[in-house]
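It should be emphasised that the depicted structure is a prediction, and the values quoted were computed from it without experimental measurement. By convention in this document, chain letters (A, B, ...) are assigned in the order of the sequence lines, proteins followed by strands, and residues within each chain are numbered from 1.
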Amino acid sequence: MTATHAHASPIPDSPQDPAALHGPVIAWFEQHARDLPWRRPEAGAWGVMVSEFMLQQTPVARVLPVYEQWLARWPRPADLAAEEPGEAVRAWGRLGYPRRALRLHGAAQAIAERHGGEVPSDHAQLIALPGIGEYTAAAVASFAYGQRHAVLDTNVRRVLARASTGVQYPPNATTAAERRLARALLPVEEATAARWAAASMELGALVCTARNEDCGRCPIADRCAWRLAGKPAHEGPARRGQSYAGTDRQVRGRLLAVLREATSPVPQAVLDTVWHEPVQRARALDGLVADGLVEPLDGGRYRLPSGRPATR
DNA sequence: TAGTCGTGGCA
DNA sequence: TTGCCAAGACT
């Protein structure tokens, strides 16, 4: 299937002309961008990187207070690297997906050891760090260093799906076609590309939202392929929801909540109170230990990870 | 590639 | 009330 190949040059002034999107979206961004702490100059690359870790699957409103505390306590990567990983997990609080805290700690250690304490600006070096994938590497390189990258997060994917492809929602997993489209739409000039990345993401976050999109406030509503097509409803299989109640994830969450609040090692008997079913409870705890989120001690006690080899 | 991995707010 | 959704990464 080559019908959507990106070689065809866009028709100037047509609704699909890539350049036609940049101006209005960036102009809208100048007017409506939220004043977020990681967008201020003083945030630096480390602030941008910390925010990106926290924002992976967690809403801005819940990230804000934790971000502020985190940066105040660990203003540089080396400061976090010097801490026990368990302190990162504790400070992570209830942001969810606590493995991100462990990975951020690991990334800080790698930055301290391999990059002289400075967040690398090179995409390949960024993506080699734990917890940084294709999106986060592009986001840090673009937002912190002003580079030209296709920054494909869930917001941008939705904006492109609607404005350019003409469908309500993007596919479940990012496709090669989406990457091609995003690259084709990328402004040529580096600084403009970086602005476009932030602007298109913000548009998806504030206006072109998953539910109750507000086309009345959209700067490109007049050329949005989905809207021009009459906003047809999503076809195909429903996006698989993520169940939670009764899963191992819920049990893991309860176990870790106890350990986060504890100031000294927690006996097994205390952890046993968080879940009634012993098999699932044990499996969840084993999983946390295997993930490095929990450290078993002598005498059936547990704590957040110290970063030291287990004693025997 | 599809499953797993937290948490909480909102329609 | 409950399902959907939120700046993904990893296996």
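Going from atom CG of A:Asn172 over to atom P of B:dG3 covers 10 Å, rounded to whole Å. If you take CG of A:Leu293 and P of B:dT4, they are 18 Å apart, rounded to a whole angstrom. Look at CE on A:Met49: it is 16 Å from P on C:dG8, rounded to the nearest Å. We find that CG of A:Asp153 is positioned 14 Å from C1' of C:dC5, with the value rounded to whole Å. Between the CZ atom of A:Arg252 and the P atom of B:dG6 there is a distance of 4 Å, given to the nearest Å. Between the NE2 atom of A:His234 and the C1' atom of C:dC4 there is a distance of 13 Å, rounded to whole Å. Remark: P of B:dT4 and CG of A:Leu256 are 20 Å apart, rounded to the nearest angstrom. Residue A:Arg254 contributes atom CZ, which lies 13 Å from atom C1' of B:dG6 at whole-angstrom precision.
For C:dA7, the OP1/OP2 oxygens have no side-chain nitrogen or oxygen of A:Gln56 closer than 4.0 Å. Considering only side-chain N and O atoms, A:Arg158 lies under 4.0 angstrom from the phosphate OP1 or OP2 of C:dA6.
Within residues 266-276 of chain A, no residue has any heavy atom under 4.0 Å from DNA chain B. Contacts with DNA chain C (heavy atom under 4.0 Å) in residues 129-150 of chain A: A:Pro130, A:Gly131, A:Ile132, A:Gly133, A:Glu134, A:Tyr135, A:Thr136, listed by number. Sorted by residue number, the members of residues 35-43 of chain A with any non-hydrogen atom under 4.0 Å from DNA chain C read A:Leu36, A:Trp38, A:Arg39. Within residues 86-98 of chain A, the residues having any heavy atom under 4.0 Å from DNA chain B are, by residue number, A:Arg94, A:Leu95, A:Gly96, A:Tyr97, A:Pro98. Residues of residues 101-109 of chain A having a heavy atom closer than 4.0 Å to DNA chain C, listed by number: A:Arg103.
Side-chain N/O atoms of A:Ser306 and A:Glu295 include a donor and acceptor closer than 3.5 Å. If you check the side chains of A:Arg62 and A:Tyr67, you find no donor sitting under 3.5 Å from an acceptor.
A distance of 9.5 Å separates CG in A:Leu21 from OG in A:Ser200, rounded to the nearest 0.5 Å.
Atom CD of A:Glu277 has more than 12 heavy atoms from other residues, nucleotides or ligands within 6.0 Å.
Within 4.0 Å of A:Arg211, counting heavy atoms only, lies at least one base atom of the nucleic acid. The residue A:Tyr244 sits close to a base: some heavy atom pair falls under 4.0 Å. Contact annotation for A:Arg260: backbone-only contact, meaning every heavy-atom pair under 4.0 Å involves sugar-phosphate atoms and none involves a base. A:Val156 comes within contact range of no nucleotide atom at all, as no heavy-atom separation falls under 4.0 Å.
In this structure the side chain of A:Arg162 reaches within 4.5 angstrom of the side chain of A:Gln168, judged on heavy atoms. Considering only heavy atoms from C-beta on, A:Arg158 stays 4.5 Å or farther from A:Glu213 through its side chain. No side-chain heavy atom of A:Val89 sits less than 4.5 Å from a side-chain heavy atom of A:Val294.
There is a path of hydrophobic side-chain contacts, each under 4.5 Å, that joins A:Leu186 to A:Met201.
At a cut-off of 3.5 angstrom, the base of B:dG6 holds at least one donor-acceptor pair with the side chain of A:Thr58. Judged by distance alone with a 3.5 Å cut-off, no donor-acceptor contact links the side chain of A:Arg249 to the base of B:dT7.
B:dC5 sits 23 Å from C:dT2 when the P atoms are compared, rounded to a whole Å. Comparing the C1' positions of C:dG8 and B:dT1 gives an interatomic distance of 16 Å, to the nearest angstrom. When the P atom is used for both C:dT11 and B:dG6, the distance is 15 Å, rounded to whole Å. B:dA11 and C:dA7 have their P atoms separated by 15 Å, given to the nearest Å.
A salt bridge links A:Arg303 with A:Glu84: at least one charged nitrogen is closer than 4.0 Å to a carboxylate oxygen. Taking the charged nitrogens against the carboxylate oxygens, A:Arg283 and A:Asp286 have no contact shorter than 4.0 Å, which rules out a salt bridge. The pair A:Asp272-A:Arg281 meets the salt-bridge criterion, with a side-chain N (NZ, NE, NH1 or NH2) lying under 4.0 Å from an Asp/Glu carboxylate O.
Evaluation of the salt bridge (charged side-chain N to carboxylate O under 4.0 Å, His left out) test over residues 31-44 of chain A, restricted to residues two or more places apart or in two chains, returns A:Arg34-A:Glu202, A:Asp35-A:Arg40, A:Arg39-A:Glu202. Sorted by first then second residue, the side chain to side chain donor-acceptor pair (under 3.5 Å) pairs that include residues 129-151 of chain A, not counting sequence neighbours, are A:Glu52-A:Tyr135, A:Gln56-A:Thr136, A:Glu134-A:Arg179, A:Gln147-A:His149. Residues in residues 282-303 of chain A take part in no ring-ring contact (aromatic ring centres under 6.0 Å, His included) pair, two or more places apart or across chains. Residue pairs satisfying the ring-ring contact (aromatic ring centres under 6.0 Å, His included) criterion with at least one member in residues 250-291 of chain A, sequence neighbours excluded, are absent. The ring-ring contact (aromatic ring centres under 6.0 Å, His included) contacts involving residues 206-228 of chain A comprise nothing, where partners must be two or more places apart or lie in separate chains.
Contacts of A:His32 classified as ring pair (Phe, Tyr, Trp, His ring centres under 6.0 Å), with partners at least two apart in sequence or in another chain: A:Trp28. Judged as a ring pair (Phe, Tyr, Trp, His ring centres under 6.0 Å), and not counting sequence neighbours, the contacts of A:Trp92 are A:Trp70.
Remark on DNA chain B: of its neighbouring residues A:Ala173 and A:Ala257, the 5'-side contact belongs to A:Ala173, judged by nearest-heavy-atom nucleotide.
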